Amino acid sequence: MLIVKKFGGTSVANKERIYNVCRRCIEDYKKGNSIVVVLSAMGKMTDVLIEQAKDINPNPSRREMDMLLTTGEQTSVALAAMAFDALGVPAVSLNAFQVAMHTTSTYSNARLKRIDTERITHELDQKKIVIVTGFQGINKYGDYTTLGRGGSDTTAVALAAALKADACEIYTDVDGVYTADPRVVKNARKLDEITYDEMLDLATLGAGVLHNRSVELAKKYGVQLVVRSSLTNEEGTVVKEEVKVERMLISGVASDKNCAKISVIGLSDKPGAAFRLFDALAQANINVDMILQSVGRDGEQDIAFTVVGDYADDAMKVIEDSKKRIGYEKLSLETGVAKVSVVGAGMMSNPGVAAKMFECLYNSNINIKMISTSEIRVTVLIDEKEVDKAMNAAHEIFGLDEA
Ligand code: ASP
Ligand code: MG
């Protein structure tokens, strides 16, 4: 079997943990499997590097940020290779250039386009454990890129797809995917299985356990994922196309505090207004999330939308700079907001989930600022201070508290 194993930052935070990772890999290697290991930067290394950058220059260029952040993963793979060597197992570390992991050119948020597999396959044929840097790629300018925070998961899934691996295991510091963040909801429970679609929504909406693009890729290429703890031997959660058991209406509750609401007031109520606004943002590579368009009055309308918090200032600047072209009266930014979502494939065949969600927020006296839904999800935008209360209330009303 060819197994891709990805270990996150906490799993390689220090010498003991690195040895622990190596031992877990060696167990499977000794059974005759080929092992490809994807590693994140050690512990909080990526955060430390970001702070160092901001200290030198509050507005570092994204290219140089990628140049800096890729050193984190390069450190962990080299150290792991040395640990394998000390344990007497042949291993080799490879970075994005050595593998050749091609991405789009956007720094700090690149997408993987193609992975060359020759080098890895060659090393595996030599019976080596291959350790690959997560999170990084190279672009057409011959520069390093990174895949966005948490991107090592995506590296692992993409490698599993490219190498046609038999298994892709994502090792982390929790023992699987939970119905809610256990730090916020004390009755949260581990799920044995979850569908790609549910996981995708949960990941996108703030359940920090998997990078959302990794789930997208897994679904696209049919890579079955297992999320499990690097510190225990618990079974973990399997992420796949369909789950066998009759499901609860809702499989999870997630929240995301890294968001901001932008309101554009007094746009003309004619065709093209929304296009010009969102086109300007798209040109600047800024993703828009929830969108609310008001009913038109006197030939005018308002549009409000949310963006990832880190991009709020950029988005404001883009809209200000294109004021002439877009044509609007007023622009405002609201921070301190957060999204709370309930996700579940069971929603498709059961009406009333949205109503129940709104009822539960009403009972908790929480005001809803924006709403968006999909076939398997209801998301509300609320005051950031109410998030924990909302999460617990939703978890309870949808029956997730009981096992
Ligand atoms: N080291 C990167 C981060 O902290 C990538 C990852 O861990 O997946 O975001
Ligand atoms: Mg992660």
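We number each residue from 1, following the sequence as shown. Whatever order the structure lists them in is the order used to number ligands and atoms, beginning at 1. Nothing here was measured: the structure is a model prediction, and the numbers come from that model.
The closest heavy-atom contact to atom 2 (C) of ligand 1, among the options K6, E73, M42, comes from E73. Here atom 9 (O) of ligand 1 lies nearest to R149 when heavy atoms of H211, R149, K44 are compared.
A donor and an acceptor atom, one from each side chain of Q283 and D279, are located under 3.5 Å apart. With no hydrogens or angles considered, no side-chain donor-acceptor pair links T145 and D66 at under 3.5 Å. Side-chain polar atoms of T106 and R111 form no donor-acceptor pair below 3.5 angstrom. A side-chain N or O of T195 and one of E198 form a donor-acceptor pair less than 3.5 Å apart.
Of all the atoms in ligand 1, the ones that sit under 4.0 Å from a non-hydrogen atom of G150 are 3 (C), 5 (C), 6 (C), 8 (O), 9 (O). Less than 4.0 angstrom separates some heavy atom of S152 from each of these atoms of ligand 1: 5 (C), 6 (C), 7 (O), 8 (O).
Ring orientation note: the planes of F7 and Y171 are close to parallel, at an angle under 30° on the 30°/60° scale.
You'll find the side chain of F305 reaches within 4.5 Å of the side chain of V264, heavy atoms only.
For the pair V157 and S214, the tightest heavy-atom approach, listed with the atom from each and the gap, is CG1-O, 3.6 Å.
For the pair M45 and ligand 1, no heavy-atom separation below 4.0 Å is found. Under a 4.0 Å heavy-atom criterion, G134 is not in contact with ligand 1. In this structure, G8 falls outside the shell of residues with a heavy atom less than 4.0 angstrom from ligand 1.
Remark: ligand 1 and D153 share no N or O pair separated by less than 3.5 Å (distance only, no angle test). Every N/O-N/O distance between F135 and ligand 1 stays at or above 3.5 Å.
Summary of contacts: the protein heavy atom closest to atom 7 (O) of ligand 1 is S40 OG, 3.0 Å.
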